[in-house]
Amino acid sequence: MSDKTLVARAPSGTHDVLWPESTRWESLLALFAVHVERAGYGLAHTPIFEDVKVFRRGIGEGSDVVGKEMYEFEDRGGRTLALRPEGTAPMVRAFVQHRPPLPWKAWYATPAFRYERPQAGRYRQHHQLGVEALGPSDADLDVEVVALADTFFRSLGLAAFTLRINSMGDDSCRPAYLELLTAYLAERRDQLCDEHRDRLEANPLRALDCKRDACRAATDGAPGFAEHLCDECDAHFARVRQGLDAQQVPYVLDHRLVRGFDYYTRTTFEFASAALESAQNGIGGGGRYDGLVEMLGGPPTPGIGFGMGIERILLACDAEGVFAVDPARPDAFVVDTAGGDHARDLTAALRAAGMSADRAYDDRSMKAQFKAADKSGAAWVLIVGPDEAASGTVSLRPLRGTGDQSTVPVAEVVDAVRAAIRDTPADPSAL
RNA sequence: GUGGCCGUAGCUCAGUUGGUCAGAGCGCCGGGUUGUGAUCCCGGAGGCCGCGGGUUCGAACCCCGUCGGUCACCCCA
């Protein structure tokens, strides 16, 4: 393989986001920020790598993410670190380290790394938006978090998605339920698929969300966690459902919903897009993790949060034909066939006055410069040819919409463009 | 990590049973006489057919490997 093909290619499972797609990302981030900050969540940045123990303890040694998907490495000082595979554990680590006042409500936007076989909607570096709320065990906080995700998706225009929720109980009711489930599955051990027959004792919950027909049949009548919660968890879950109903957030109860991380307790939920053909249709998910802060060395502190995948959200938007973002168009484009001084100085003057301006380079023909102006989507073209240069003027011509070309003295150009923009409809494409 | 499919110009793709098969559309660049774009017309640049090896007189077309993509599984955003 030549050096060229070896180097000029993003690593497998990673991808570049260039303009104009990056404009969509920016918009998505901005919308998310406004959405969650309105609910009191503040932005937090944490390192993209952490001591590997942060993930091992929180997510769980037995999980696939920790067991076989982490980008783990040793730094020059001999520390064992890992690129973050998800956003919650690092945020909780930051909470434990700084102990901000409760309740602590924070949001994040971060890359996440998992060594998996790439396919559409599944990348080795993908990007997540999420929130975490620490402190209250109040079920209304669960409702707030879930509803925040739901309304965010809808604000993008997404409609073809479903929300599934379940309760994973807590320390006081999970052992008994696991025993019940294990006993039930043990009686049907022969019906389970190979994999889950082997994992029955280690993690019986996994069999519940197995997609193979054998397992599905065997688990169809299995006891659901929601029916075997302790009184406290049962009341909590009831309050959550009541709140979602009141907020008119559609959901379905799914006792098969088992999330992959060990830290989840009580409420868990997942959003899946029905518009995505791929098996990678999960666009967001999360849950309560009342024991995680302690696992990472902090005081007993309940918490809940969600994470959503930017790439998958955008794929879902494409599939539904929503959330198209128009790239920015410059206010003015300077066409200069009189040497280039005016293109250089006029764009600078316009930018200094707070307007956006662009130009062509390399002394191209007038036709070429006009083509460039058109492609840029500029609202106005400022023309400086030999005539204007000689008379100290600039011709101002609307590129979209109606209006005649006019000529103004160079000294008045900035003001003239400012006035012209003010009178131009905000949406040029509407013309 | 396991298995199926795929990999031709910037993009979307054609390329008959291996022998003018290196092409089209879009995009890009230039031109259509004297300074005005998005339409139209003409012309041009651009690809060692992912990469490496093999079979053959000869391979984009066959075989092997490798890299990448894609689909399913696993798991998840």
Side-chain angles (χ1 to χ4, degrees), chain A residues 1-15 18 59 62-70 84-88 109-130 149 153 193-196 199 203 206 209-212 257-261 270-273 276-286 306-316 333 335-338 360 362 364-378 380-390 395-400 405 428-429 431:
Chain A
M1 184 182 290
S2 72
D3 288 341
K4 184 179 170 188
T5 43
L6 219 175
V7 174
R9 181 179 250 167
S12 177
T14 69
H15 59 103
L18 309 179
I59 301 172
S63 70
D64 279 19
V65 166
V66 167
K68 56 186 197 189
E69 295 174 3
M70 275 208 295
R84 56 186 352 185
E86 57 102 43
T88 299
T110 177
F113 306 83
R114 292 178 201 170
Y115 192 84
E116 300 181 275
R117 186 76 169 267
Q119 69 188 71
R122 193 175 66 185
Y123 307 96
R124 288 183 175 172
Q125 177 180 337
H126 69 278
H127 302 262
Q128 292 193 20
L129 297 170
F153 290 140
C193 70
D194 297 346
E195 203 175 322
H196 292 106
R199 287 212 274 177
N203 195 345
R206 290 251 70 99
D209 70 343
C210 181
K211 286 171 191 155
R212 287 187 236 282
L257 178 61
V258 174
R259 310 260 314 150
F261 304 153
E270 241 173 59
F271 291 87
S273 169
L276 292 177
E277 308 268 329
S278 153
Q280 268 62 54
N281 62 356
I283 53 177
F306 68 68
M308 43 180 71
I310 294 180
E311 285 87 349
R312 289 190 186 172
I313 290 172
L314 259 17
L315 284 174
F333 194 101
V335 167
D336 180 347
T337 58
D362 295 328
R364 305 232 273 145
S365 70
M366 174 161 280
K367 177 171 183 169
Q369 291 191 48
F370 259 90
K371 281 191 171 189
D374 182 58
K375 203 164 49 169
S376 78
W380 293 85
V381 181
L382 308 195
I383 306 152
V384 183
D387 293 350
E388 288 88 346
S395 292
L396 191 56
R397 166 168 178 187
L399 210 45
R400 331 185 78 76
Q405 184 166 319
S429 64
L431 297 171

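Just so it is clear: chains get the letters A, B, ... in the order the sequence lines come, proteins before strands, and each one is counted from 1.
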Side chains of A:Q125 and A:T14: donor-acceptor distance under 3.5 Å anywhere? no

Nearest-angstrom distance, C1' atom, B:G30 to B:G46: 15 Å

Please work out if A:G87 contacts a base, only the sugar-phosphate, or nothing of the nucleic acid, heavy-atom cut-off 4.0 Å. nothing

Look at the aromatic rings of A:Y123 and A:H15 and report parallel, tilted or perpendicular, splitting at 30° and 60°. tilted

When you compare B:C6 with B:C48, how far apart are their P atoms, in angstrom units rounded to a whole number? 24 Å

Spell out, as yes or no, whether a donor-acceptor pair under 3.5 Å connects the side chain of A:R114 to the backbone of A:V65. no

Work out how far the P atom of B:G37 is from that of B:C29, and round it to whole angstrom. 14 Å

Closest non-hydrogen contact found for A:A389 with A:V384 is N-CG1, 4.2 Å

In whole Å, what separates the C1' atom of B:C61 from that of B:U55? 14 Å

If you count the non-hydrogen atoms of other residues, nucleotides and ligands that lie under 6.0 Å from CD in A:E277, is the total more than 12? no

Is the backbone N or O of A:E116 less than 3.5 Å from a side-chain atom of A:E69, with the two atoms forming a donor-acceptor pair by type? no

Donor-acceptor contact present, side-chain A:D336 to main-chain A:A338, <3.5 Å: yes

Is there a donor-acceptor contact under 3.5 Å from the side chain of A:E311 to the main chain of A:R122? no

If I pick the C1' atom on B:G15 and the same atom on B:G53, what distance separates them, to the nearest angstrom? 25 Å

In dot-bracket form, how is RNA chain B paired, counting a Watson-Crick or G-U wobble pair only if both its distances are under 3.5 Å and using | for bases paired to another strand? (((((((..((((.....[...)))).(((((.......))))).....(((((..]....))))))))))))....

So, using ring pair (Phe, Tyr, Trp, His ring centres under 6.0 Å) as the criterion, who are the partners of A:F153 when residues are at least two apart? A:F161, A:F271

Short question: side chain of A:R397, backbone of A:V381 - any donor-acceptor pair under 3.5 Å? no

Run the ring pair (Phe, Tyr, Trp, His ring centres under 6.0 Å) test against A:H126 and tell me which residues pass, sequence neighbours left out. none

Looking only at atom C1', what distance separates B:G54 and B:G18, rounded to whole Å? 15 Å

Between B:C51 and B:A14 - C1' atom distance, rounded Å: 24 Å

Using a cut-off of 4.0 Å between protein heavy atoms and nucleotide atoms, how would you tag nucleotides 71-77 of chain B 5' to 3' with B, S and -? SBBBBBB

Does the protein touch nucleotides 6-13 of chain B at the base, only the backbone, or not at all? Give it as B, S and - per nucleotide, heavy atoms under 4.0 Å. --------

List the atom of A:A149, the atom of A:M308, and the distance in Å for their closest heavy-atom pair. CB-CE, 3.8 Å

Sugar-phosphate means primed atoms, P, OP1 and OP2; the rest is base. With that split, encode nucleotides 31-39 of chain B 5' to 3' as B, S or - using protein heavy atoms under 4.0 Å. BB--BBBS-

Distance between P atoms of B:A45 and B:G31 (Å, rounded): 16 Å

To check you understand the geometry: which heavy-atom pair defines the closest contact between A:S278 and A:A120, and what is its length? OG-O, 4.0 Å

Looking only at heavy atoms, what is the nearest atom pair of A:T337 and A:Q369, with distance? CG2-NE2, 3.8 Å

